[in-house]
Amino acid sequence: DGSTQGSGGTNVAADPAGTLHINDQLVNTSSASITATYTVTPTSGACVGAPQDIIVTVRPEPVVDPALAGPFNVCSDDAVGITLGTNGISVNAAFYTIAVNPNGLTQSDGTNSAGTSKFADEIADDEWTNTSNVPVSVFYTVTPFSSLNCEGQPFVIEVSILPEPVFDSSINPAPACSDLPIAVTLGVEPFSVAADSYLVSNVDEDAGLTPTSAGSVTINGASGGDNLIFNDSWTNVTGSPLDVRYTVRPITAGCEGDDFVLTVTINSAPEVTNADFIVCSGEDFDISFLTTSATVQYDLVVVPDPSADLVAVNVTADGSYATASHVIANQFTNTGNTPLNVEYRVIPTGPAPSSCAGPEKTIMVTVEPEAIVSISNDANLCSGDDTAIVLTSSVVPTAGVISYDVQALSLGAINPPPVFSRTGLSIGTDITDNLINIGTSVAEVQYTITPQLAGAKNSVGCPGTPTIISVFVEPQP
């Protein structure tokens with residue numbers, strides 16, 4: 001009746017006398033019970049007894065799905081993810097007995113799967129740690145049982161645990177100077193499988209540390225090779241060392257190792273904090289460099305505007321200086337019509353042992369144009385004529401406009417005398433004094449015109465050079 005083993009038509013000796021033992025092992029791998037019928041005819045010498053049927057019901061045994069043999073490739077510390085089951089033909093398995101051969105590996109998660117009365121998902125959450133440099137197999141020997149406690153055949157499942165890379169714990173980065181690359185090469189332990197990439201899952205910096213520039217540091221979630229963070233640079237101008245911590249995860253063929261926190265110390269460097277400022281043409285000025293922390297050297301380069309209108313009267317030479325107050329009594333004249341700039345580029349260096357150089361700072365010194373006046377004038381007049389002194393200029397300061405102060409001095413018999421003093425005259429003003437010479441010889445009137453840049457130099461103002469204009473008036477006939 002479908003059983004896979006039996007005997008028929010065979011004479012079997014009775015042992016002991018009068019007793020027959022039938023010890024056949026019948027296998028049923030279907031999904032339902034199957035009956036096996038034994039027809040037994042007893043005999044004694046020449047005498048034959050009546051045949052007798054013996055019916056044996058064979059309950060089915062479950063058969064593990066052969067597709068579960070493996071090997072299955074699973075990363076170290078990842079869940080095995082295998083659910084036990086039967087081949088789809090046999091009776092279902094209600095529970096399993098499992099034996100585990102870890103092959104030297106340590107289980108890192110999941111319950112102990114070895115034992116009896118285990119369910120189909122027993123090994124699914126198992127995780128195994130493999131920190132060697134080759135795959136290592138874990139073997140599960142699984143014996144299925146039906147709901148009627150019929151035992152199936154043992155079945156071996158092989159799970160190959162792929163190795164995870166182990167970050168090199170001996171990497172101890174040397175302190176880096178502010179604004180310089182940290183120069184850290186990532187790596188794994190000598191016993192580990194090689195890493196083909198690294199993931200930076202977190203970057204945690206001390207307060208006061210900032211990226212040197214946009215894109216100068218690795219961001220959370222970045223991945224790459226062993227030089228992933230090599231060129232990172234951080235700015236530290238606090239005066240004390242600060243730390244940045246990289247959480248790094250090595251990866252091999254998609255298998256991720258454990259996170260490792262790599263700490264890099266960033267030594268402080270001084271930063272020059274001087275603000276830009278404005279001076280008048282021909283004005284002496286000093287610069288005392290201000291820094292955020294102790295400084296033992298200042299490397300200075302002075303770059304004037306290349307215009308021929310800017311003339312260096314006195315300027316500090318380029319070079320390295322040990323004091324902050326080395327720019328003394330510098331002076332430039334600007335004979336042009338617009339402001340011109342002089343750049344003082346300085347790099348400060350902190351003390352030993354780190355001797356870190358800070359970022360270059362450009363201090364911009366703006367030199368206002370000279371306040372000059374252009375004058376249109378008829379220098380010779382008849383008595384009773386009006387002067388025609390027109391004040392003009394092309395000078396444009398950093399703020400405000402040019403104006404003029406005028407003083408008049410009569411050197412002769414001019415009656416009435418000209419207006420003695422006038423201030424704040426604007427561009428385009430026409431000085432029209434009516435001059436009458438009541439004497440007998442030519443009279444002279446001197447006009448001293450002083451231009452003013454009242455809005456220049458942040459409204460402090462820059463005075464111009466006085467110009468004397470002479471007007472000669474013939475006597476009346």
Side-chain angles (χ1 to χ4, degrees), residues 278-285 307-314 329-340 366-477:
I278 303 172
V279 297
C280 296
S281 177
E283 177 186 7
D284 286 350
F285 61 89
S307 171
D309 294 330
L310 188 66
V311 178
V313 178
N314 182 46
N330 280 205
Q331 183 186 131
F332 292 84
T333 59
N334 179 2
T335 59
N337 292 324
T338 58
L340 296 173
T366 300
V367 182
E368 296 278 12
E370 287 186 353
I372 58 177
V373 60
S374 299
I375 301 172
S376 173
N377 174 47
D378 187 353
N380 297 294
L381 300 179
C382 294
S383 179
D385 287 350
D386 292 341
T387 59
I389 302 172
V390 180
L391 307 178
T392 61
S393 178
S394 299
V395 171
V396 180
T398 55
V401 294
I402 193 169
S403 63
Y404 307 91
D405 296 340
V406 179
Q407 289 185 327
L409 174 63
S410 178
L411 303 176
I414 300 297
N415 187 35
V419 177
F420 177 72
S421 179
R422 282 164 281 197
T423 60
L425 301 182
S426 61
I427 292 177
T429 296
D430 188 355
I431 299 175
T432 56
D433 291 345
N434 184 259
L435 303 179
I436 299 174
N437 183 357
I438 61 175
T440 59
S441 60
V442 175
E444 179 184 358
V445 178
Q446 292 182 348
Y447 289 88
T448 301
I449 303 173
T450 303
Q452 302 285 349
L453 300 177
K457 194 182 173 183
N458 298 316
S459 298
V460 173
C462 292
T465 302
T467 299
I468 297 177
I469 301 297
S470 293
V471 177
F472 298 95
V473 183
E474 296 290 337
Q476 286 182 335

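Since we're looking at a predicted model, the values are computed, not measured.
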**Closest approach of Cys280 to Gly461 (non-hydrogen atoms, all atoms of both residues)** = SG-O, 3.6 Å
**Request:** Rounded to the nearest 0.5 Å, what's the gap from OG1 on Thr338 to CG on Asp309? Could you check?
**Result:** 7.5 Å
**Asked** How far apart are the closest heavy atoms of Gly439 and Pro475, and which atoms are they?
**Response** O-CB, 3.2 Å
**Prompt:** Can you name the one residue among Thr467, Val406, Thr450 that meets side chain to side chain contact (heavy atoms under 4.5 Å, CB included) with Val373?
**Reply:** Thr467
**Prompt:** Between Tyr404 and Ile427, is a side-chain contact (heavy atoms from CB on, under 4.5 Å) present by the stated rule, with each step listed?
**Reply:** CA-CA 8 Å; Tyr404 307 91; Ile427 292 177; 3.8 Å; yes
**Fill in**
Asp433 meets the salt bridge (charged side-chain N to carboxylate O under 4.0 Å, His left out) criterion, sequence neighbours left out, with Arg422
**Side-chain donor or acceptor of Asn434 paired with backbone N/O of Gly384 under 3.5 Å** = yes
**Prompt:** Is there a donor-acceptor pair closer than 3.5 Å between any side-chain N or O of Ser281 and the backbone N or O of Pro369?
**Reply:** no
**Asked** Closest approach of Pro463 and Ala371, non-hydrogen atoms and distance?
**Response** C-CB, 4.4 Å
**Asked** So how far is it from Phe420 CZ to Gln407 CD, rounded to the nearest 0.5 Å?
**Response** 5.0 Å
**Request:** Answer yes or no: is there a donor N or O on one side and an acceptor on the other, between the side chain of Ser394 and the main chain of Asn337, under 3.5 Å?
**Result:** no
**Message:** Quick one, Pro418 and Leu435 - any side-chain contact, counting heavy atoms below 4.5 Å?
**Reply:** yes
**Results of side chain to side chain donor-acceptor pair (under 3.5 Å) for Thr398 - residues two or more places apart only** = Glu368
**Prompt:** Run the side-chain contact (heavy atoms from CB on, under 4.5 Å) check on Tyr447 and Thr387 step by step: do they pass?
**Reply:** CA-CA 11 Å; Tyr447 289 88; Thr387 59; 3.7 Å; yes
**Request:** Please report the shortest heavy-atom distance between Val442 and Glu474, naming the atom on each side.
**Result:** CG2-OE1, 3.5 Å
**Request:** Taking Ser403 for its side chain and Gly424 for its backbone only, find out whether a donor-acceptor pair lies under 3.5 Å.
**Result:** no
**Request:** Please answer whether the main-chain N or O of Val395 pairs with a side-chain N or O of Ser393 as donor and acceptor at a distance below 3.5 Å.
**Result:** yes
**Prompt:** Roughly how far, to the nearest 0.5 Å, is CD1 of Ile389 from CD1 of Ile469?
**Reply:** 7.0 Å
**Pairwise distance CG(Leu340) to CG(Asn334) - rounded to 0.5 angstrom** = 4.0 Å
**Message:** With a 3.5 Å distance limit and no angle check, can you tell me whether Asn314 reaches the backbone of Ala329 through a side-chain donor-acceptor pair?
**Reply:** yes
**Asked** Tell me, do Asp284 and Asn330 make a side-chain contact under 4.5 Å, heavy atoms counted?
**Response** no
**Inter-residue atom distance Asn380.CG - Asp385.CG, 0.5 Å rounding** = 11.0 Å
**Message:** Taking Val445's backbone N and O only, do any of them form a donor-acceptor pair with Ser410's side chain (distance below 3.5 Å, no angle check)?
**Reply:** no
**Prompt:** Where do Ile436 and Asn415 land on the side-chain contact (heavy atoms from CB on, under 4.5 Å) test, with the steps shown first?
**Reply:** CA-CA 6 Å; Ile436 299 174; Asn415 187 35; 5.8 Å; no
**Asked** At their closest point, which heavy atom of Lys457 faces which heavy atom of Glu283, and how far apart are they?
**Response** NZ-OE2, 2.5 Å
**Prompt:** Any donor and acceptor pair, going by atom type alone, linking the side chain of Thr366 with main-chain N or O of Ile278 inside 3.5 Å?
**Reply:** no
**Prompt:** Given Thr465 and Glu370, is the side-chain contact (heavy atoms from CB on, under 4.5 Å) satisfied, shown in steps?
**Reply:** CA-CA 8 Å; Thr465 302; Glu370 287 186 353; 5.9 Å; no
**Asked** Just by modelled atom types, is the Pro451 backbone N or O under 3.5 Å from a matching donor or acceptor in the Asp405 side chain?
**Response** no
**Prompt:** Among Asp430, Ile402, Thr429, which residue meets the side chain to side chain contact (heavy atoms under 4.5 Å, CB included) test with Leu391?
**Reply:** Thr429
